[in-house]
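Here is how names work: the chains are called A, B, and so on, in the same order as the sequence lines, proteins then strands, and each is numbered from 1. We use all heavy atoms of the structure for the numbers below, so side chains are in, but hydrogens, waters and symmetry mates are not. A quick note: this is a predicted structure, and the numbers were derived from the prediction, not measured.
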Number of protein chains: 2
Amino acid sequence: MDKTAENGPWADESGDTSGRKKGQLHAEAAGKLRSMILSGELPPGERLREMQLCEQLGVSRTPVREALRTLAAEGLVDLLPNRSVVVSELHAPDLEHLFVVFGAIEGIAAELACQKITEAEIGEIGRLLAEMIDYHARKERAPYMQINQKIHQRTVEIAANPVLYTVWQSLVPRVERARALANLDTGRWTGALFEHTKMFTALASRDGQLLAQLTREHFLNSLPFLQSRLENDD
Amino acid sequence: MDKTAENGPWADESGDTSGRKKGQLHAEAAGKLRSMILSGELPPGERLREMQLCEQLGVSRTPVREALRTLAAEGLVDLLPNRSVVVSELHAPDLEHLFVVFGAIEGIAAELACQKITEAEIGEIGRLLAEMIDYHARKERAPYMQINQKIHQRTVEIAANPVLYTVWQSLVPRVERARALANLDTGRWTGALFEHTKMFTALASRDGQLLAQLTREHFLNSLPFLQSRLENDD
DNA sequence: TTGTCTATTCTTGTATACAAGACTGGTGTT
DNA sequence: AACACCAGTCTTGTATACAAGAATAGACAA
């Protein structure tokens with residue numbers, strides 16, 4: 001069930017075509033299109049003409065169409081029969097739906113992680129947190145976000161549930177997209193960091209119930225900030 | 001984000017080609033292949049040769065290949081680059097991973113449903129439950145399972161969260177497959193029914209916390225029975 | 001007998017060709 | 001002026017053709 005190494009979302013590919021062995025153009029195309037959507041190069045609502053994508057990616061329609069099915073399964077595009085594929089919209093109410101689910105997923109991950117985490121891994125997360133606090137103090141947002149993402153990812157990995165990991169992966173692109181579209185508010189930033197330190201304490205003491213609760217709240221708390229940013233834009 | 005009406009898993013198709021408007025052979029193919037896998041006609045580990053599937057389904061390779069991508073995203077098949085697609089295995093440990101996640105997902109759905117359910121919908125679920133009790137008394141397993149599935153589906157629908165619904169849908173095929181491969185133990189059957197009545201009570205009184213808890217336990221309880229059946233088979 | 005190498009066959013990956021369904025602009029009518 | 005209608009164009013859906021990588025079987029050597 002969990003041998004999806006090759007076909008899983010962004011196993012590796014993300015724009016480079018260099019050291020790639022031939023014969024997986026559709027996976028490569030999916031990777032490129034995915035990052036184009038996440039980066040906003042292909043904005044929500046954009047109509048994707050197959051031929052146009054072929055020219056941009058330098059491949060024929062067959063791999064492009066297969067890549068689009070993959071992206072559709074990930075929720076990044078909508079397939080309208082006999083009509084163009086469009087980049088899926090991201091409205092404020094959708095965002096709430098997304099964050100409720102995503103927070104719950106990470107909550108489960110947190111609970112499982114508490115059961116399975118080793119001392120070494122607690123140390124690892126602790127170091128990442130320290131690094132993050134450092135970037136916050138220096139107001140360097142980009143590396144902060146990167147470490148933040150890494151902490152969440154490590155937590156899900158430590159949970160050691162491949163099904164959970166797959167579901168989590170399928171949701172991450174949309175969460176990341178929301179974060180990218182609505183850059184984090186400064187007031188929220190400090191609050192989020194504080195929540196992270198509380199979450200680490202719960203993790204280190206292996207209090208799964210508490211950590212799950214904190215995790216769900218963490219996402220729910222950041223939701224209104226993202227929503228307000230989104231409403232201003234479109 | 002939630003306009004996935006047409007491309008979502010088994011929106012309708014499940015083997016019939018009758019009243020179908022042309023131009024969606026790949027969706028039709030996906031539906032047929034999906035039910036072939038769920039029914040066990042295509043057992044775990046089976047190598048799927050594209051040409052062979054073409055003959056069976058009466059279409060060309062293009063829609064078959066696109067259907068296989070969809071099924072891969074649903075976790076029913078594994079894509080091995082330059083090698084045949086195979087029906088994914090279903091091992092006992094995988095099953096535990098699946099059920100932990102699925103139980104949690106339905107738990108969230110249950111919690112949301114408690115907040116949003118109307119009196120009319122409570123009545124509807126109540127009638128379904130009564131029907132199910134009836135089938136249990138008559139030991140008619142197939143229709144029982146069908147109603148059971150419907151209750152779960154209605155609960156998730158009432159939760160009214162499209163993201164949650166999509167995630168749920170992506171997991172259901174595997175859960176259903178596990179149920180199909182390991183036909184429910186009679187002892188467990190009665191226990192499961194009892195749990196359902198308790199869950200209905202919680203739903204009717206809109207006790208989300210309790211219902212979520214019961215739902216998670218419901219899946220965890222049925223897990224060992226399915227696992228033992230699975231170990232006997234392969 | 002066993003192991004390895006190679007040639008053949010099979011299967012998948014990609015490109016292209018053709019058909020059918022949507023979109024667009026203009027024309028005519030009311 | 002507004003609306004319905006129709007042809008031409010564009011876009012997607014499907015089939016087929018061709019190329020390249022993998023499996024297989026047989027020959028040969030150790």
Taking only N/O atoms, report every protein-nucleotides 9-12 of chain D pair under 3.5 Å with atom names and distance.
from	atom 1	to	atom 2	distance (Å)
dT12(D)	OP1	Leu48(A)	O	3.3
dT12(D)	OP1	Ser84(A)	OG	3.2
dT12(D)	OP2	Glu50(A)	N	3.2

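Partners of Glu46(B) according to the salt bridge (charged side-chain N to carboxylate O under 4.0 Å, His left out) rule, which considers only residues two or more places apart in sequence or in another chain, do not exist here. Here Glu131(B) pairs with Leu128(B), Tyr135(B), Ile147(B) under the side-chain contact (heavy atoms from CB on, under 4.5 Å) rule; sequence neighbours left out. Remark: Arg49(A) engages Arg47(A), Gln52(A), Ser84(A) in a side-chain contact (heavy atoms from CB on, under 4.5 Å) (not counting sequence neighbours).
Side-chain atoms of Tyr165(A) and Gln153(A) include a donor-acceptor pair closer than 3.5 Å.
Between the P atom of dA19(C) and the CG atom of Leu25(B) lies a distance of 16 Å, rounded to the nearest Å. Rounding to whole angstrom units, CD of residue Glu46(B) and P of dT11(C) are separated by 13 Å. Rounding to whole angstrom units, CD of residue Glu55(B) and P of dA15(D) are separated by 14 Å.
Of the side-chain N and O atoms in Thr62(B), none sit less than 4.0 angstrom from OP1 or OP2 of dT14(D).
Pairs engaging residues 53-62 of chain B under the salt bridge (Lys or Arg N to Asp or Glu O under 4.0 Å) rule: Glu50(B)-Arg61(B) [sequence neighbours left out]. Within the structure, the side-chain hydrogen bond (donor to acceptor under 3.5 Å, both in side chains) test picks out the following pairs touching residues 104-116 of chain B (sequence neighbours left out): Glu106(B)-His152(B), Glu106(B)-Trp168(B).
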